[in-house]
Amino acid sequence: MDREWLKLFFEENYPTQASGVVAAAVTVILAYSIHSLVSLRKKNVAVWHRKGYMEIPTPKDSYPYFGHMLSLGKKPFLQLEKWHQELGPVVHIDMGIQPWVLISDPYIAHELFVKNEVKSSDRMRHAFTYDVYSKGGKGIVFIPPNQEWKNCRTVADTILSTENIKNFVNIIEAVTDNTINRLKEVSEKDGSVSPVKYIQKAIFGIMISLLFGKTPGSIEDSLLDSIICMAENELRLAGPSGDIGSFLRYSSWVNTVTRKNKEIKSVVDTRDKVYGELISEAIAGETDCLAKQANLLKEKYNLDEMDLIIIMDELIGAGGDTTAASASWLFAILPRYPDIQKKMGEEIDKFIAKNGRIPTFSDRKELPYVIAVLRENLRYRSVTCLGLPHLAAEDVELLGYYIPKGTVLISSMPALNMNQDVFDDPKEFNPERFLGDTSTWSESTQGDIQSRNVFAFGWGKRSCPGVNLAEMNVFNICVRTFAHYTIEPTLGTDGKPSYADLNDILSLGTLYGPNEFSVKIVKRAV
Ligand code: HEM
């Protein structure tokens, strides 16, 4: 049994002496649960082994009470990929008492999430994300796809449309240029720079400016730090630590004993206060911004102040660290590929020579190689491990399999992106595979499954409404960096290049970004 996962789980989520109490209590209830489990198992077997349907394969390494939770190890994405390799594109696991079905094939995912979207677009009723964060049914991300969701989602789709976001391009470019300058200055002064924090602050800075019309003065800005801290707390609590009871039977009391419930309440109270004030200031201010625009749509879509607070927080929470992770992966991967950087630089130089300016997002079709690199970057290192889990609102018949109502439905992002039936030599970083496809990430996500090659933004009616903004932000960071610089590896003590470890992953909830690494930002000879 891989106890490492359990140890990590308690150390990360329940630090201090409370973890000892919790671990002891878990041992006691373990014995009791084994008894209950025998009868439960019989019931489960009947649900999953339906006459007339194929059985969904399940990995052997399951344990009483915890199911497959303990087998995920320190790097769950590797384990999920391994299970798919061994058992195929549809796999059933038990995360404690939650049944999960994992999908690693785009055609099957399309069948499940798009063709069956009425049955497969619900979300889990997680104690933190649903009861507390979404106040039992507000906002977009964590609620069922009902009329309230539709209203909030329409407001988000409207303010995040490409046409609308284009109006904020000056702010996006200014914050991006400041960050790149800062990276270059630190790199020149210290001999190298660790870009992850800078990129994260740039993206959150852009989000705060767009949403509230308030551009952070510098990367040391205290508002910027508090918003990042809130978003990270929320991401952490959206995992098992915010609702241990929905994963492990008889354990909901753990959050009371460890004072987790108090922490959960305090995180949300702070969110309500900070975002409430930011929205009021934005509405009263002169500057155009997304909070102001959403406020104008409030009546039409029957939203109240709390809906606005939750939507604004969700846009930052869902859009900040994900976009920053994608841009950070680019900085981690590209130092290994000077030839690719050279081709990108040449393409950007050619555009500048012809047009006398740096290309913007609207010029993306004139940079086919650059956009192929960005697509390959998105494929090669997934930004989330599990997307955002869906829930089966009804029983689903999926290509001869039977999936009972209440099952958590997961698109296994790294396994999908590394599926060799879809991508030749998937372990190779090869932008050429996407040359000739100049569709935007959004067009690919909404496109027909035969030509779709971007899976990172999910499926069907729940697919990401921030995809345009995400692509524009990553595009700008990339183009505005390579217009002037190259990203080079630092040198180890042996004088050899020292590259970022691409399997050293910072995992926060379902987010998967690179851990800290160092590079050199070097002025390019043009
Ligand atoms: C590289 C960056 C991003 C990635 C990889 C990403 C990925 C995803 C994924 C996988 C989902 C779940 C889709 C599903 O359930 O099938 C999602 C949902 C969502 N994303 Fe993004 N996202 C990114 C950026 C953004 C941005 C910039 C915003 C907003 C400004 C945003 C806002 C949202 C919201 C509100 C949802 C919930 C949609 C719903 O439940 O109806 N995301 N995103």
Side-chain angles (χ1 to χ4, degrees), residues 103 109-110 112-114 117 120-124 129-130 133-134 138-146 148-162 164-165 168 172 199-200 203-204 206-211 231 235 238 290-291 294 310-330 374-375 377-379 381-391 408-414 416-417 441-442 444-446 454-475 477-478 509-513:
I103 310 287
H110 182 81
L112 175 61
F113 295 117
V114 183
E117 75 174 1
S120 66
S121 296
D122 204 351
R123 300 274 195 223
M124 285 182 269
T129 58
Y130 184 77
Y133 182 95
S134 310
K138 285 182 166 295
I140 306 168
V141 181
F142 302 115
I143 69 165
N146 52 22
E148 283 76 31
W149 167 81
K150 208 170 170 189
N151 290 346
C152 293
R153 172 79 203 218
T154 308
V155 170
D157 286 337
T158 310
I159 61 179
L160 292 171
S161 70
T162 316
N164 193 39
I165 294 298
F168 298 92
I172 298 180
I199 293 174
Q200 185 193 38
I203 298 296
F204 276 84
I206 290 171
M207 298 293 293
I208 293 170
S209 305
L210 255 59
L211 292 178
L235 265 178
L290 303 188
I310 296 174
I311 294 173
M312 292 302 127
D313 185 25
E314 287 183 331
L315 299 189
I316 289 205
D321 277 316
T322 44
T323 310
S326 186
S328 297
W329 278 124
L330 195 70
L374 295 182
R375 223 181 188 80
N377 177 57
L378 194 64
R379 181 199 72 81
R381 277 297 174 272
S382 298
V383 170
T384 66
C385 179
L386 312 170
L388 243 173
H390 289 215
L391 186 88
V408 176
L409 307 169
I410 305 277
S411 47
S412 299
M413 292 295 181
L416 263 163
N417 283 326
W441 293 352
S442 167
S444 180
T445 302
Q446 303 304 332
V454 171
F455 306 121
F457 297 92
W459 306 89
K461 62 166 128 183
R462 298 307 296 235
S463 71
C464 177
V467 50
N468 291 312
L469 178 59
E471 186 175 10
M472 190 188 281
N473 274 329
V474 179
F475 176 91
I477 291 183
C478 171
T510 178
L511 180 84
Y512 269 54

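Both ligands and their constituent atoms are indexed starting at 1 by order of listing. Owing to the predicted nature of the structure, the values given are computational and were not obtained by experimental measurement. Position 1 is the first residue of the sequence; numbering continues from there.
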Taking NZ in Lys461 as the centre, count heavy atoms belonging to other residues, nucleotides or ligands within less than 6.0 Å. Is the count above 12?
yes
If the condition is salt bridge (Lys or Arg N to Asp or Glu O under 4.0 Å), which residues does Asp321 pass it with, not counting sequence neighbours?
none
With a 3.5 Å cut-off and no angle check, do the side chains of Thr323 and Asn473 form a donor-acceptor pair?
no
Using a cut-off of under 3.5 Å, which N/O atoms of ligand 1 pair up with protein N/O atoms, and what distance separates each pair?
{"unit_1": "ligand 1", "atom_1": "15 (O)", "unit_2": "Arg123", "atom_2": "NH1", "d": "2.9"}
{"unit_1": "ligand 1", "atom_1": "15 (O)", "unit_2": "Arg123", "atom_2": "NH2", "d": "3.0"}
{"unit_1": "ligand 1", "atom_1": "15 (O)", "unit_2": "His390", "atom_2": "NE2", "d": "2.9"}
{"unit_1": "ligand 1", "atom_1": "16 (O)", "unit_2": "His390", "atom_2": "NE2", "d": "2.8"}
{"unit_1": "ligand 1", "atom_1": "16 (O)", "unit_2": "Trp459", "atom_2": "N", "d": "3.0"}
{"unit_1": "ligand 1", "atom_1": "40 (O)", "unit_2": "Arg123", "atom_2": "NH2", "d": "2.8"}
{"unit_1": "ligand 1", "atom_1": "40 (O)", "unit_2": "Arg462", "atom_2": "NE", "d": "3.0"}
{"unit_1": "ligand 1", "atom_1": "40 (O)", "unit_2": "Arg462", "atom_2": "NH2", "d": "3.1"}
{"unit_1": "ligand 1", "atom_1": "41 (O)", "unit_2": "Trp149", "atom_2": "NE1", "d": "3.0"}
{"unit_1": "ligand 1", "atom_1": "41 (O)", "unit_2": "Arg153", "atom_2": "NH1", "d": "2.9"}
{"unit_1": "ligand 1", "atom_1": "41 (O)", "unit_2": "Arg462", "atom_2": "NE", "d": "3.3"}

Glu471 and Ser442 side chains, donor-acceptor separation under 3.5 Å:
no
When you measure from the side chain of Ser444 to the backbone of Trp441, do you find a donor-acceptor pair of N or O atoms at a distance under 3.5 Å?
no
Say whether, by atom type as modelled, one donor and one acceptor occur between the side chain of Arg153 and the main chain of Ile140 under 3.5 angstrom.
no
